[in-house]
Amino acid sequence: MTELLHNAWSGWTSYNIHGKLPALLLAVLLYLWYCGKKREEVLLAYTSLMAVCCIFPVTAAFLMLYQTKFYNYEWIWSLVPLTAVTAYGITVFMAQDQTGGREKSWRNRIPAILFAAVILVFSGSLGRQVWDRREEKSQREQAYEVLEELTEKYSPGDLCLWAPREIMEFAREAEPALRLSYGRNIWDAYLNAYAYDTYEEDVMAMERWMSYNSGTGEADLEAQSLENGKMGERLTLENCAEKALAAGVNCVLLSGKNGAGAVARMEKALGVKAQPIQNYILFFVGEEESYGRTD
């Protein structure tokens, strides 16, 4: 329970730092209650209650427990009609004359419209930021180029790929015939909600090592504390390569950040020569003539 309370509080602070829409919602609710909107009392009461439940750590922890641990804190806010009520409150604000209650002409409403627009711009985003989408587009394009070059050399149906996350994420999208050593659900835990199947520990270790290696270029990962409170094993390039071969992997991509020493160690561990491919290093385990494209 202590962990849930900590996650609920840290989730609220993080959620509010990255966007001010919840704070804007609270301001809108205060304004609407002050205006005495009788016809909307049920909606306002529900929204106010759920917003308080999402902010207060104890009730937020229970909501997170109800939605299962596979979902992050932000998901509990789907219970709050945040967008609808905020938009309604801003509409009421612009429609009313704050000085005398008389209807304003559209020209007189321009300052209120501009004021509301500025507040919305500085309150956060209803989705991912523009630069996030640009970064994802760039990663997708790079992954497509790498995978296109890879599948030109080898038949995708015969490949079992182990690669950095930015390649694995778009691999099946680019080439559905590819087999992967693991999928997105290994790092996006919420995709496993209500599912009972889990990855074996060796596969989880492969993902941890690959994520560390692609980010740092280091060949060995020291023992780390895992989410279950246990200490993971020390992961070296050699024992992860062994785990990959045991899992049926025959195609390994490493980040170009790896130095000559790490490349030589992987060549020795897999028994094959490295090949450059875009900004990555390819290790193909198999007979070239058996896996060449025939189409």
Side-chain angles (χ1 to χ4, degrees), residues 1-133 136 188-191 193-194:
M1 189 63 185
T2 304
E3 181 183 0
L4 277 174
L5 288 172
H6 173 74
N7 291 340
W9 177 247
S10 61
W12 160 247
T13 55
S14 175
Y15 187 49
N16 202 37
I17 286 173
H18 289 91
K20 305 301 182 185
L21 282 177
L24 180 60
L25 172 69
L26 297 179
V28 165
L29 287 172
L30 289 174
Y31 173 71
L32 291 175
W33 281 115
Y34 175 78
C35 290
K37 294 294 179 180
K38 302 296 184 181
R39 292 179 298 177
E40 293 79 17
E41 281 186 355
V42 175
L43 176 62
L44 296 183
Y46 169 80
T47 305
S48 303
L49 176 62
M50 293 310 303
V52 170
C53 288
C54 289
I55 296 171
F56 189 56
V58 175
T59 50
F62 278 108
L63 290 175
M64 292 173 66
L65 187 64
Y66 169 75
Q67 71 175 1
T68 76
K69 64 179 181 180
F70 297 106
Y71 291 94
N72 297 327
Y73 168 84
E74 289 81 1
W75 286 85
I76 65 175
W77 279 88
S78 61
L79 298 171
V80 182
L82 189 151
T83 306
V85 173
T86 302
Y88 173 69
I90 292 175
T91 303
V92 171
F93 170 75
M94 291 190 299
Q96 286 189 342
D97 186 340
Q98 300 301 303
T99 59
R102 292 173 286 105
E103 287 292 326
K104 289 184 175 181
S105 68
W106 68 270
R107 291 185 180 86
N108 293 330
R109 292 195 187 119
I110 289 178
I113 294 173
L114 293 176
F115 178 69
V118 169
I119 290 177
L120 282 176
V121 168
F122 287 98
S123 291
S125 172
L126 297 178
R128 290 176 297 175
Q129 301 288 351
V130 174
W131 47 87
D132 291 339
R133 293 195 294 270
E136 181 180 333
D188 286 343
Y190 67 87
L191 296 175
Y194 307 107

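Owing to the predicted nature of the structure, the values given are computational and were not obtained by experimental measurement. Values below: every heavy atom of this structure, side chains too, minus hydrogens, waters and symmetry copies.
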Check whether any side-chain heavy atom of [X] sits under 4.5 Å from a side-chain heavy atom of [Y], and report yes or no.
X   : Y   : answer
F62 : C53 : no
W75 : M64 : no
Y73 : L63 : no
Y88 : T47 : no

Shortest non-hydrogen separation from [X] to [Y] and the atoms involved:
X   : Y   : answer
V28 : V85 : CG1-O, 3.6 Å
L82 : W77 : CD1-CE3, 3.9 Å
W33 : A45 : CZ2-N, 3.7 Å
A87 : T91 : O-OG1, 2.8 Å
A51 : V80 : N-CG2, 4.0 Å
A60 : C54 : CB-O, 3.5 Å

Quick one: [atom1] on [X] to [atom2] on [Y], what's the gap to the nearest 0.5 Å?
X   : Y   : atom1 : atom2 : result
L25 : L30 : CG    : CG    : 9.5 Å
T59 : I76 : OG1   : CD1   : 7.5 Å
T86 : L24 : OG1   : CG    : 5.0 Å

